[in-house]
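Step one of this worksheet: look at the structure below.
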Amino acid sequence: MSRASDLIFKTRKTSEKISENVHIFANDPSLAFFRVQEHVRKVLPAIYEKREEVFQLQKNLQGHCYDMEYGVEALQTIEKSEPLFSNVQAILKNSIFLKQQLATEENRMKVLKESIKSSVYKRFSAHLALDLPDLPDFSGVIRDTSQRIENKIGPSNGRDAQSNLGELQRSYTTLH
């Protein structure tokens with residue numbers, strides 16, 4: 001019976017191995033999925049952080065691109081305005097030249113006037129030897145005279161007197 005017991009032993013051993021293999025094959029996919037799930041749980045937060053960092057970098061890069069485009073447009077506008085600056089520079093040069101000419105002409109006229117003035121005065125004063133007397137102050141006399149005339153005319157003629165009074169007042173104010 002050793003053959004029969006040996007056969008039973010081998011059969012049991014084979015059936016145990018087969019059942020173990022079936023168990024492994026049955027549980028192997030779930031173990032693989034468990035390993036995958038474990039790996040995803042470990043890596044997913046880091047991947048999410050990197051994803052957010054990439055989005056932030058994309059926004060920053062887009063902002064820098066807009067800034068660069070704005071700068072390029074500004075440079076193109078400046079290049080287009082070069083003729084205007086050249087025109088302004090030419091006008092400034094012309095105005096400086098004209099200012100210098102005016103200053104030169106003013107100095108020349110000043111010197112000419114001084115030379116004419118001094119020569120005319122010298123010639124005129126050489127022929128004149130006139131001492132003017134001190135004249136008295138007539139303002140009080142004129143004021144008294146204007147008041148007497150106003151009193152004489154008075155408001156007797158109505159409208160005509162008013163116009164004469166206005167003239168007298170005007171002349172009175174011009175005297176003072």
Side-chain angles (χ1 to χ4, degrees), residues 36 38-176:
V36 169
E38 190 177 57
H39 176 72
V40 168
R41 281 187 185 172
K42 286 180 182 177
V43 175
L44 187 64
I47 290 174
Y48 185 76
E49 288 176 13
K50 291 292 181 185
R51 179 176 178 252
E52 289 299 318
E53 186 178 328
V54 167
F55 283 144
Q56 187 63 34
L57 288 173
Q58 182 183 7
K59 286 179 185 178
N60 290 342
L61 183 63
Q62 190 174 14
H64 292 302
C65 286
Y66 288 144
D67 291 344
M68 187 176 64
E69 288 174 4
Y70 179 72
V72 167
E73 288 176 11
L75 287 175
Q76 289 172 347
T77 304
I78 290 172
E79 286 176 353
K80 289 178 185 176
S81 65
E82 185 178 350
L84 296 174
F85 286 121
S86 299
N87 190 20
V88 168
Q89 185 178 13
I91 291 170
L92 282 173
K93 284 180 182 178
N94 191 22
S95 65
I96 290 170
F97 175 72
L98 291 175
K99 174 66 177 161
Q100 289 172 347
Q101 280 186 332
L102 280 173
T104 304
E105 190 64 27
E106 285 175 357
N107 286 337
R108 192 177 68 79
M109 292 300 286
K110 191 179 201 183
V111 169
L112 184 64
K113 281 183 181 181
E114 287 177 2
S115 67
I116 290 173
K117 188 186 291 185
S118 65
S119 65
V120 168
Y121 284 135
K122 285 178 185 176
R123 280 185 273 148
F124 186 67
S125 64
H127 298 293
L128 276 182
L130 179 66
D131 289 329
L132 294 175
D134 289 334
L135 297 175
D137 186 22
F138 291 115
S139 64
V141 174
I142 294 172
R143 198 175 302 126
D144 290 340
T145 307
S146 66
Q147 285 177 355
R148 277 191 238 142
I149 291 172
E150 285 177 13
N151 290 337
K152 294 277 184 190
I153 293 175
S156 61
N157 291 347
R159 179 183 273 174
D160 210 45
Q162 285 294 339
S163 65
N164 286 339
L165 182 63
E167 282 183 35
L168 286 176
Q169 286 176 348
R170 219 175 316 132
S171 65
Y172 173 75
T173 55
T174 56
L175 291 175
H176 295 295

* Structure fact -> Between the OH atom in Tyr66 and the CG atom in Leu61, the distance rounded to the nearest 0.5 Å is 11.0 Å
* To do: May I have all residue pairs that pass salt bridge (Lys or Arg N to Asp or Glu O under 4.0 Å) and include part of residues 93-111, sequence neighbours excluded?
  => Glu105-Arg108
* **From Ile47 atom CD1 to Glu52 atom CD, the distance as rounded to the nearest 0.5 Å** => 13.0 Å
* Separation between CG of Leu75 and OH of Tyr70, rounded to the nearest 0.5 Å -> 11.0 Å
* To do: Enter the distance from Asn107:CG to Leu112:CG here, rounded to the nearest 0.5 Å.
  => 12.5 Å
* Gln101 atom CD, over 12 foreign heavy atoms within 6.0 Å -> yes
* Asked: Which residues pass the salt bridge (Lys or Arg N to Asp or Glu O under 4.0 Å) test with Glu38, sequence neighbours left out?
  -> Arg35
* Asked: Quick one: CD1 on Ile91 to CG on Leu98, what's the gap to the nearest 0.5 Å?
  -> 11.5 Å
* Distance, nearest 0.5 Å, that separates NE2 of His64 from CG of Leu57 -> 9.5 Å
